[in-house]
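Notes for the one structure printed next.
Counting starts at 1 for both ligands and their atoms, following the listed order.
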Amino acid sequence: MGKRIYLGNDTAGYELKMKCIEYLEGKKIPYADCGSENDPDIESTRYPFFAAKVAAAVSRGEARCGILICGTGIGISMMANKFRGVRAALCTSTYLSKMTRMHNDANILCMGGKTIGEWEALDILETFLNTEYDGGFHDGSLNLIKEAEEYMYNGKIWEQEARKISTGSLADAEIFDRSLG
Ligand SMILES: O=C(CO)[C@H](O)[C@H](O)COP(=O)(O)O
């Protein structure tokens with residue numbers, strides 16, 4: 001069996017996650033449901049726990065990709081992006097879903113259970129799963145993100161390398177330096 005798609009949600013994302021699971025089952029795509037379950041007897045679940053389960057699996061290379069759903073998709077994407085190697089993208093349209101695969105090689109799709117309808121969400125999901133990363137020019141940008149991760153995790157100085165990757169002029173490099181503070 002190939003790698004599974006990992007799904008996670010909070011209470012507000014539960015219904016849409018179940019629709020995504022129906023879709024995956026219909027297509028016989030293997031998945032792992034990391035919760036939360038919808039238990040009316042407990043208070044609302046907290047999205048960071050479920051984002052962490054999915055993001056850790058993606059970060060370790062155990063998952064094909066992730067799907068995370070909270071009310072808006074915002075909080076759950078914020079948490080997922082704390083994990084090394086995770087590129088979680090909040091998508092509200094099929095266009096964004098296509099672009100984030102082609103340009104960002106996003107490995108977690110985030111959606112808002114309260115902000116989009118079922119059919120739009122499934123179209124976004126299908127596009128996410130069926131769009132390949134373009135590579136080429138975009139590798140340079142992803143390398144900069146990786147360098148920033150090394151800096152955050154290992155304290156490596158990455159500015160010089162980032163400047164080399166930058167194809168811009170000296171003026172661009174100066175703007176880049178300023179943005180690093
Ligand atoms: O969207 C979210 C985070 O970005 C959460 O789903 C939302 O904050 C949960 O709120 P509630 O428990 O009132 O549904």
Side-chain angles (χ1 to χ4, degrees), residues 3-27 29-131 133 141-142 144-146 148-149 151-153 179:
K3 284 184 187 173
R4 292 176 295 172
I5 294 175
Y6 279 58
L7 297 103
N9 62 285
D10 69 357
T11 307
Y14 177 78
E15 274 183 35
L16 185 54
K17 179 196 69 177
M18 293 313 292
K19 295 292 176 194
C20 291
I21 285 179
E22 265 178 43
Y23 169 88
L24 296 177
E25 287 182 346
K27 301 270 181 196
I29 297 172
Y31 69 90
D33 183 0
C34 298
S36 63
E37 291 308 313
N38 198 24
D39 184 346
D41 294 332
I42 58 169
E43 63 174 322
S44 290
T45 52
R46 293 204 177 276
Y47 60 81
F49 292 123
F50 305 96
K53 287 185 187 187
V54 170
V58 170
S59 181
R60 287 195 296 259
E62 291 166 13
R64 171 178 161 189
C65 66
I67 301 170
L68 286 172
I69 306 172
C70 64
T72 59
I74 296 172
I76 213 157
S77 62
M78 286 178 172
M79 182 65 181
N81 277 315
K82 302 288 180 204
F83 286 73
R84 194 178 205 165
V86 164
R87 292 179 299 280
L90 169 57
C91 294
T92 53
S93 70
T94 302
Y95 178 72
L96 290 181
S97 178
K98 186 175 175 183
M99 294 307 289
T100 199
R101 284 291 310 128
M102 286 169 60
H103 288 196
N104 315 125
D105 198 16
N107 48 22
I108 298 186
L109 168 64
C110 301
M111 293 189 285
K114 290 181 173 176
T115 59
I116 45 173
E118 172 190 341
W119 297 111
E120 190 166 26
L122 295 183
D123 202 41
I124 289 170
L125 172 58
E126 187 162 77
T127 301
F128 190 86
L129 297 181
N130 293 316
T131 305
Y133 171 52
S141 303
L142 296 196
L144 288 170
I145 294 174
K146 279 184 200 145
E149 278 185 344
Y151 177 73
M152 286 186 286
Y153 285 98
S179 72

*Compute the minimum heavy-atom distance from Thr11 to ligand 1 and say whether it is under 4.0 Å.*
no
*Return yes or no for this condition: an N or O of Tyr47 is under 3.5 Å from an N or O of ligand 1.*
no
_Give the atom numbers and elements of ligand 1 that come within less than 4.0 Å of a heavy atom of Ala12._
6 (O), 14 (O)
*Determine, counting only non-hydrogen atoms of the protein, whether one lies under 4.0 angstrom from atom 4 (O) of ligand 1.*
yes
*Would you confirm whether Asn107, through its side chain, and Gly85, through its main-chain N or O, come within 3.5 Å as a donor-acceptor pair?*
yes
*Kindly give the heavy-atom pair with the smallest separation between Ala80 and Ile108, and that separation in Å.*
CB-CD1, 4.2 Å
*Inspect the surroundings of CD in Glu62 and state if more than 12 heavy atoms from other residues, nucleotides or ligands are less than 6.0 Å away.*
yes
_Checking the side chain of Thr131 only, and the main-chain atoms of Phe128 only, is there a donor and an acceptor separated by less than 3.5 Å?_
no
*Pull out every atom of ligand 1 sitting under 4.0 Å from any heavy atom of Gly71, numbered as shown with elements.*
1 (O), 2 (C), 5 (C), 6 (O)
*Would you kindly specify which portion of Thr72 sits under 4.0 Å from ligand 1, judged on non-hydrogen atoms: side chain, backbone, both or neither?*
both
*To the nearest 0.5 Å, how far apart are CG in Leu125 and CD in Glu118?*
11.5 Å
*Got a sec: does the CE of Met102 have more than 12 other heavy atoms crowding it under 6.0 Å?*
yes
*asked:* Below the 3.5 angstrom mark, is there an N/O of Gly75, backbone or side chain, next to an N/O of ligand 1?
replied: yes
*Among protein heavy atoms, which lies nearest atom 12 (O) of ligand 1, and at what distance?*
Ser44 OG, 3.4 Å
*Per-atom contact, atom 8 (O) of ligand 1, protein heavy atoms, under 4.0 angstrom*: no
*Would you say Cys70 and ligand 1 have an N/O pair spaced under 3.5 Å apart?*
no
_Numbering as shown, the atoms of ligand 1 that approach Lys114 to under 4.0 Å (heavy-atom distance)_ = 14 (O)
*Taking the side chain from Arg84 and the backbone from Glu149, do they hold a donor-acceptor pair closer than 3.5 Å?*
no
*Walk me through it: do Thr45 and Ser36 pass the test side-chain hydrogen bond (donor to acceptor under 3.5 Å, both in side chains)?*
CA-CA 7 Å; Thr45 52; Ser36 63; 3.0 Å; yes
